[in-house]
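See structure below.
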Amino acid sequence: MENLLLPIFSLLSLAVVATHGALPAEVYWNSVLPNTPIPKAVTDILHPDWVEEKSTAVNVGKGGANVQTGRGGGTNVTIGGKGGGVSVNVTVGPSPFVYNYAATATQLHDDTTVALFFKENDLHYGKKLNLHFTASSNQATFLPRQVADSIPFSSRKVDDVFTKFSIKPESEEANVVKNTLSECEDTGIKGEEKYCATSLESMVDFSTSKLGKNLVVLSTEVDQETGLQQYTIAPGVKKISGDKAVVCHKQNYPYAVFYCHKTETTRTYSVPLEGANGIRVKAVAVCHTDTSQWNPKHLAFQVLKVKPGTVPVCHFLPEDHVVWVQK
């Protein structure tokens, strides 16, 4: 891998006037969804050590950031914090969870991405699947809503975003930002309602506006991280919902942004998995029953060798993605 360490920002300080009575994100969640536990994918990014709130000021990014670019199209972003920073590995290109995009050559040769997709009739006890569950390298955390709302989130104002985060316009990190903004702004497929949530509060608002407040919110949980290996579906596969769901996929961005889309042609399953090395995974699988509007060259069709609209297409949720379903 070619190492190109490029400084993104040395220090970003955002001072905002605190809204009277503003609620922390987790308190807001509990006020809206008192009977719905917060999933691990969300709790993991609620309390960053590089965001400090003091009085009415919020300081973001104490310690700086670097980017590392590799030949395969990936970008490592190191965001400085009290503990010295975290590494974020991202790929510039279309997300496999945006269904009107065609697969790239890089995705077709990425075993970890290809392994996500399978057919619904594979969801049964004893089925063996080659999968890769790893801790998310995207460590971007939620900003408080009042801070997130103060930062431009628009391709038209991308130069303002670059300025806020001291991002060089021609850098790989700039391409990551532009790609996420483009995915968020593009028109969704027919029958899909989409929204990019820039805070936990806005994700709660979008999901409850589409499904109500009697909800279950789930994410995949892994006992221990491992590489690509064979997993066996254990007893206890459970269908969680009807056909309505909001699925939120974490995007590559300097702070936590989730690409959420509501569909009415989705089935959600809880799937217990046992790895060849004994690791257990509480996986969440989402099956799309109508793929007729997807791009014919989408990664799932090329992996499964099926055509749009012919069979349900399923994928496991990565650990940092969440699905909202009605109880």
Side-chain angles (χ1 to χ4, degrees), residues 1-14 16 45 48 50-51 58-81 84-98 100-107 110 113 136-143 147-187 194-199 202 248-260 318 320-321:
M1 174 177 287
E2 181 182 3
N3 293 328
L4 300 172
L5 294 180
L6 305 174
I8 298 305
F9 59 88
S10 58
L11 177 66
L12 172 64
S13 180
L14 298 174
V16 297
I45 57 174
W50 56 283
V51 175
V58 179
N59 299 310
V60 183
K62 298 176 71 67
N66 292 315
V67 62
Q68 180 182 30
T69 305
R71 294 190 181 92
T75 301
N76 283 336
V77 183
T78 302
I79 302 175
V86 295
S87 180
V88 180
N89 182 51
V90 299
T91 299
V92 181
S95 165
F97 305 109
V98 180
N100 54 353
Y101 287 175
T104 65
T106 300
Q107 287 175 325
D110 180 356
T113 303
S136 172
S137 55
N138 180 353
Q139 298 296 317
T141 52
F142 280 116
L143 294 181
V147 179
D149 288 350
S150 73
I151 302 172
F153 190 79
S154 167
S155 293
R156 295 192 304 273
K157 296 183 178 180
V158 70
D159 289 337
D160 293 340
V161 178
F162 294 159
T163 299
K164 280 282 188 186
F165 292 95
S166 300
I167 296 173
K168 294 180 180 179
E170 303 304 320
S171 67
E172 285 300 319
E173 182 64 359
N175 290 335
V176 170
V177 168
K178 289 189 287 188
N179 187 74
T180 291
L181 291 172
S182 176
E183 289 184 355
C184 287
E185 294 169 350
D186 283 352
T187 302
K194 55 176 283 192
Y195 172 74
C196 277
T198 58
S199 66
S202 63
C248 294
H249 308 284
K250 196 177 184 191
Q251 298 297 97
N252 295 316
Y253 211 67
Y255 53 92
V257 171
F258 281 79
Y259 177 106
C260 298
D320 57 355
H321 296 196

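One is the number of the first residue; the rest follow in order along the sequence.
Here Asn179 contributes atom CG and Glu172 contributes atom CD; the two are 11.0 Å apart, rounded to the nearest 0.5 Å. Atom SG of residue Cys248 and atom OH of residue Tyr195 lie 10.0 Å apart, to the nearest 0.5 angstrom.
Side-chain N or O atoms of Lys250 include one that pairs as donor or acceptor with a backbone N or O of Ala140 at under 3.5 Å. Using a distance-only test at 3.5 Å, with no hydrogens or angles considered, no donor-acceptor pair links the side chain of Thr180 to the main chain of Val177. Side chain of Ser182 to backbone of Lys178: no donor-acceptor contact under 3.5 angstrom is found.
By the 4.5 Å heavy-atom criterion applied to side chains, Ile151 and Thr198 are not counted as neighbours. Val147 is not listed as a side-chain neighbour of Tyr255, based on a closest heavy-atom distance of 4.5 Å or more. Counting heavy atoms from C-beta outward, Phe162 and Ser171 have side chains that stay 4.5 Å or more apart.
The heavy-atom pair separating Glu183 from Gln251 by the smallest distance is OE1-NE2, 2.8 Å. Considering all non-hydrogen atoms of both residues, Thr141 and Ile45 come closest at CB-O, 3.5 Å. The nearest pair of heavy atoms linking Glu185 to Ser154 is OE2-CA, 3.3 Å. Minimum heavy-atom separation, Val161 to Tyr253: CG1-OH, 3.6 Å. Listed here is the closest heavy atom pair of Ile167 and Pro254: CD1-CG, 4.5 Å.
Classified by interplanar angle (parallel below 30°, tilted 30° to 60°, perpendicular above 60°), the ring pair His249/Tyr259 is tilted.
Checked against the 2.5 Å cut-off, the SG-SG distance between Cys184 and Cys196 falls under it.
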